2 protein chains.
Amino acid sequence: MTVLYAKLADQIQQLISDGVYRDGERLPGVRVLSRQFGVSISTVLQAHQTLESRGYLEARERSGYYARVPCKDAPIPIMQRPKSRPAPVTARDMALDLCTVERKHMVALGAAVPHADYVPLRQIQHATLWAARQGLEALDYAFPGKDVFRRQIAQRMTNLGVVTTHEDIIATNGAQEAIILALRAVTQPGDIVAVESPSFPGILQALEVVGLRALEIPTHPLEGMSLEGLELALEQWPIKACVVVANHSNPLGVRMPDSQKKRLVDLLAERSVPMIEDDIYGDLPFEGERPRPAKSFDTTGNVIYCSSFSKTISPGLRLGWVVPGPRFAEISQQKYFNNMATASIPQLAVAHFLEQGGYDRYLRTARQRYKEATERLRAAVVREFPEGTAVSRPMGGFVLWVQLPHGASGTTIYHEARERSINIAPGRMFSTTDKYEDYIRLNCANPWSERIEWAIRTLGELVASQVRRAA
Amino acid sequence: MTVLYAKLADQIQQLISDGVYRDGERLPGVRVLSRQFGVSISTVLQAHQTLESRGYLEARERSGYYARVPCKDAPIPIMQRPKSRPAPVTARDMALDLCTVERKHMVALGAAVPHADYVPLRQIQHATLWAARQGLEALDYAFPGKDVFRRQIAQRMTNLGVVTTHEDIIATNGAQEAIILALRAVTQPGDIVAVESPSFPGILQALEVVGLRALEIPTHPLEGMSLEGLELALEQWPIKACVVVANHSNPLGVRMPDSQKKRLVDLLAERSVPMIEDDIYGDLPFEGERPRPAKSFDTTGNVIYCSSFSKTISPGLRLGWVVPGPRFAEISQQKYFNNMATASIPQLAVAHFLEQGGYDRYLRTARQRYKEATERLRAAVVREFPEGTAVSRPMGGFVLWVQLPHGASGTTIYHEARERSINIAPGRMFSTTDKYEDYIRLNCANPWSERIEWAIRTLGELVASQVRRAA
């Protein structure tokens with residue numbers, strides 16, 4: 001569907017690319033363009049917004065819009081081949097730092113947490129008021145979860161090709177807890193677990209909590225975990241479980257093609273290695289249908305599915321779930337022994353929100369907003385970072401994985417940026433080795449602002465100056 | 001303070017004890033007594049209620065009040081000396097059973113969970129509505145807890161002699177999680193941890209989750225954990241931590257005298273063995289002031305304090321906290337790695353409830369109601385169970401610990417009772433050995449009803465018939 005403003009945006013972009021408006025040149029005023037193209041003023045403003053997010057226009061306060069020729073697109077990071085030896089997981093302390101300090105006054109490019117503006121605040125407030133009015137049901141203790149919540153989840157899972165009833169669902173305190181419960185059910189301390197490389201730090205932390213060793217499997221930026229790499233690793237090592245984020249993995253933002261998901265599921269099932277799927281970003285594709293979870297290809301019950309609403313509705317609900325399949329008894333017992341049950345009020349509120357259709361309506365706008373925010377931040381990085389930078393091209397979620405040019409260290413940038421009140425995630429958090437020392441991850445789930453623009457420019461300068469010093 | 005109705009109750013009780021009203025005899029009507037003693041009708045009714053809970057009166061619908069001479073009081077269970085060898089914790093599966101099955105249709109004498117009638121439903125509903133209206137604050141992600149909640153807790157802790165600020169508090173998903181975080185911070189799998197005997201099953205489950213061995217220390221029904229027993233154990237075994245419920249421990253209901261608390265704290269500090277205090281029943285004494293936590297005698301920071309609102313406000317909130325002292329960094333990291341944070345809405349709601357003074361008002365009535373409910377159930381057990389039964393005399397909380405006469409098995413009674421839709425907790429759940437095979441625990445937090453009366457009578461008959469069979 002090409003709407004009027006998008007058409008206009010394309011036309012203006014062409015004019016800029018063709019050099020009709022040159023880099024830095026002021027565009028005619030909004031009224032002039034409105035007359036010139038025979039469209040309304042609001043259409044011109046919408047087109048301008050689109051071009052801003054594409055990096056072709058810059059708005060200057062009380063001055064107007066200026067043409068900008070984005071530099072050529074940066075390459076995407078290449079697939080890294082981490083040392084293929086299992087490593088104990090330690091010193092993930094930076095993650096903690098990232099989360100506790102960030103929220104006060106810093107530019108929040110660090111933790112992958114949606115900005116307040118992106119959270120369906122009013123709807124959840126409404127749903128919570130509803131939950132509070134449910135009387136005892138809201139205070140009652142429900143193991144392994146509130147039935148109303150479990151029913152809604154079972155319905156959604158079934159729609160995604162994972163046929164379940166509410167009795168297959170355990171409510172958890174976020175996806176992190178779900179993954180830990182799953183790991184405890186299928187491993188013993190000291191066991192080896194295969195993970196993507198780069199890895200979401202929460203998964204490495206989960207391995208650390210359970211006392212496991214991580215074996216990092218190369219992960220392709222456009223195809224996800226390398227199945228060849230995994231097969232090789234399975235031959236060499238007694239791998240006891242494999243944790244995979246098949247949809248919009250963090251930090252790469254890559255979605256595995258369905259054919260790969262199926263191959264992965266079969267590969268692990270054949271070898272009886274339990275697979276733990278973390279589908280926390282599955283609801284946030286940039287284009288097209290909600291992708292299928294790998295679990296939907298599971299015919300043997302070998303996949304334990306984990307997810308949560310922390311990246312969509314809000315992290316403060318602390319509400320996730322696990323679909324353990326045939327491992328229901330072990331995993332529900334783990335849940336019970338660890339903290340008995342998940343708080344009831346968030347479960348009721350989310351169940352109501354889902355049932356009323358609010359969540360699906362919310363997702364439609366959220367996907368569009370995250371896509372635009374990510375593209376805009378990406379364009380800014382491409383523009384402001386020195387040559388030799390590579391940037392991921394995510395298919396969903398809201399983070400960017402940035403490989404810095406030769407000579408720059410993500411950890412140094414992290415510390416220098418903090419001094420300037422900018423928070424980012426240094427690459428070393430995403431591995432048990434120092435493989436990703438020259439990477440950083442950026443959180444894009446922030447409304448665009450001059451402060452963010454300044455932050456990206458500042459980061460670009462810090463990187464450039466490091467590269468110069470190293471040369 | 002002896003109020004009018006209590007005085008009247010004492011007078012009538014004396015008349016019953018003296019045989020003026022004989023066992024089973026109908027008392028004069030309420031109006032007659034009101035004239036006779038020169039008090040109001042409502043005072044007579046209050047006195048009657050008191051005598052009912054003491055076991056001296058029985059109300060029969062549309063018929064009036066009948067005198068009842070309670071049998072002689074039963075003895076309290078003696079202190080058991082469990083085998084003093086550390087044991088791995090396994091097969092605590094009955095606890096799970098207890099909780100999941102009970103709530104549907106059974107007489108709920110099993111899990112130590114307050115009945116719906118005892119929960120401050122309206123107040124918490126009100127507080128939750130308030131929380132939902134706090135906008136983003138309610139959805140925001142707060143590690144290691146919401147400041148408003150932590151401030152309220154810090155204030156209460158300070159009032160109890162544990163001087164803290166909000167920065168000393170970590171919000172947890174119940175006390176169970178708090179204990180597990182504390183255990184993980186101070187032990188390694190395989191370590192030996194000293195616990196009370198009989199033990200709260202949740203503590204044994206926590207040990208199981210962390211992979212620890214339990215060393216059961218004899219616990220006196222009127223003084224709490226035997227310090228002599230503990231000292232002996234500390235000399236013999238490399239004990240790495242000691243978990244203690246100093247106030248109204250479950251199942252004994254015993255409160256350690258303050259002098260013992262201090263000795264215990266000093267004993268463990270001298271030997272650098274971390275003490276984990278679970279104070280979940282501390283707010284529910286039957287008489288007098290709220291007892292001091294053992295932590296208030298801690299001058300070295302060796303005590304990790306854990307508690308929650310599950311036994312007071314409601315278990316479905318899943319809201320507890322830990323005061324880790326100098327171990328704040330390790331324990332907060334454990335919390336973060338395990339499930340990031342505790343849900344925000346319950347924290348805001350409880351903070352509001354506490355701040356408005358609602359909790360303290362609620363506690364005043366709750367203490368009285370739990371006392372009466374426990375005394376009434378105790379009187380019923382004394383009356384209905386065969387000779388040779390011993391019953392604990394709890395000082396707070398709402399459970400009874402019942403030693404059955406020779407020949408009766410708690411586990412058999414548990415199974416036979418379930419067939420009759422009565423849920424109880426068999427003694428074997430409270431130990432890693434079969435020490436308490438001849439015990440059961442009864443939950444008293446239910447409003448009195450004919451069904452409960454029937455249940456106790458039925459249990460008494462089951463025990464009696466078992467004893468006969470064994471003779």
Side-chain angles (χ1 to χ4, degrees), chain A residues 92-93 95-96 99-100 103 111 113 116 119 121 124-129 131-144 172-174 176-177 180 184 189 202 205-206 208-209 211 310 313-320 332-334 336-346 349, chain B residues 92-93 95-96 99-100 103 111 113 116 119 121 124-129 131-144 172-174 176-177 180 184 189 202 205-206 208-209 211 310 313-320 332-334 336-346 349:
Chain A
R92 312 248 65 74
D93 48 325
L96 197 60
C99 176
T100 46
R103 319 208 24 108
V113 170
V119 158
L121 178 61
I124 279 296
Q125 203 162 29
H126 182 84
T128 308
L129 294 173
R133 290 192 197 98
Q134 299 317 297
L136 200 65
E137 190 62 22
L139 289 188
D140 217 358
Y141 173 60
F143 173 81
T172 62
N173 206 9
Q176 181 76 4
E177 182 174 283
I180 290 178
R184 283 200 205 283
Q205 288 156 17
E208 182 175 351
V209 163
S310 295
I313 303 182
S314 118
L317 290 170
R318 306 307 311 130
L319 188 53
S332 61
Q333 173 162 332
Q334 277 291 339
Y336 184 76
F337 282 12
N338 267 283
N339 52 33
M340 311 273 171
T342 298
S344 296
I345 294 170
Chain B
R92 311 248 67 74
D93 49 324
L96 197 60
C99 175
T100 48
R103 321 218 11 116
V113 169
V119 158
L121 178 60
I124 278 295
Q125 203 162 27
H126 182 84
T128 307
L129 294 173
R133 290 191 196 98
Q134 300 316 297
L136 200 64
E137 190 63 21
L139 289 188
D140 218 358
Y141 173 59
F143 173 82
T172 61
N173 205 9
Q176 180 76 2
E177 183 174 282
I180 290 178
R184 283 199 204 284
Q205 287 156 17
E208 181 176 352
V209 163
S310 295
I313 304 182
S314 116
L317 291 169
R318 305 308 310 133
L319 188 53
S332 61
Q333 172 161 330
Q334 277 291 339
Y336 184 76
F337 282 12
N338 267 284
N339 52 33
M340 312 273 172
T342 298
S344 296
I345 294 171

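Chain naming here is simple, since letters A, B, ... match the order of the sequence lines and numbering starts at 1 in each. Just so you know, these numbers come straight off a predicted model, no measurement behind them.
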Select one option (side chain, backbone, both, neither) describing which atoms of T342(B) are under 4.5 Å from chain A's heavy atoms. backbone
Heavy-atom proximity to chain A below 4.5 Å, by part of L129(B): both
Just so I understand: if I count every heavy-atom pair under 4.5 Å between each of [options] and chain B, which residue has the most?
options: A349(A), A341(A), A206(A), A142(A); answer: A341(A)
options: I313(A), L139(A), V119(A); answer: L139(A)
options: G135(A), G174(A), G202(A); answer: G135(A)

Residue among L121(B), I345(B), T128(B) with most heavy-atom pairs under 4.5 Å to chain A: L121(B)
S314(A): side-chain hydrogen bond (donor to acceptor under 3.5 Å, both in side chains) partners, not counting sequence neighbours: none
Sorted by chain and residue number, the side-chain hydrogen bond (donor to acceptor under 3.5 Å, both in side chains) partners of Q334(B) (sequence neighbours excluded) come out as N338(B)
Under 4.5 Å from a heavy atom of chain B, the part of P346(A) involved: side chain
Measure distances from S310(A) to the heavy atoms of chain B and classify the residue's part below 4.5 Å as side chain, backbone, both or neither. neither
For the pair Q205(B) and I180(B), evaluate side chain to side chain contact (heavy atoms under 4.5 Å, CB included) and give the outcome as yes or no after the intermediate values. CA-CA 9 Å; Q205(B) 287 156 17; I180(B) 290 178; over 6 Å; no
Nearest 0.5 angstrom please: T172(B) OG1 to E177(B) CD, how far? 5.5 Å
Does the S344(A) side chain pair with the main chain of D140(A), one donor and one acceptor, at a distance under 3.5 Å? yes
Does Q333(B) reach the side chain of E208(A), with side-chain heavy atoms less than 4.5 Å apart? yes
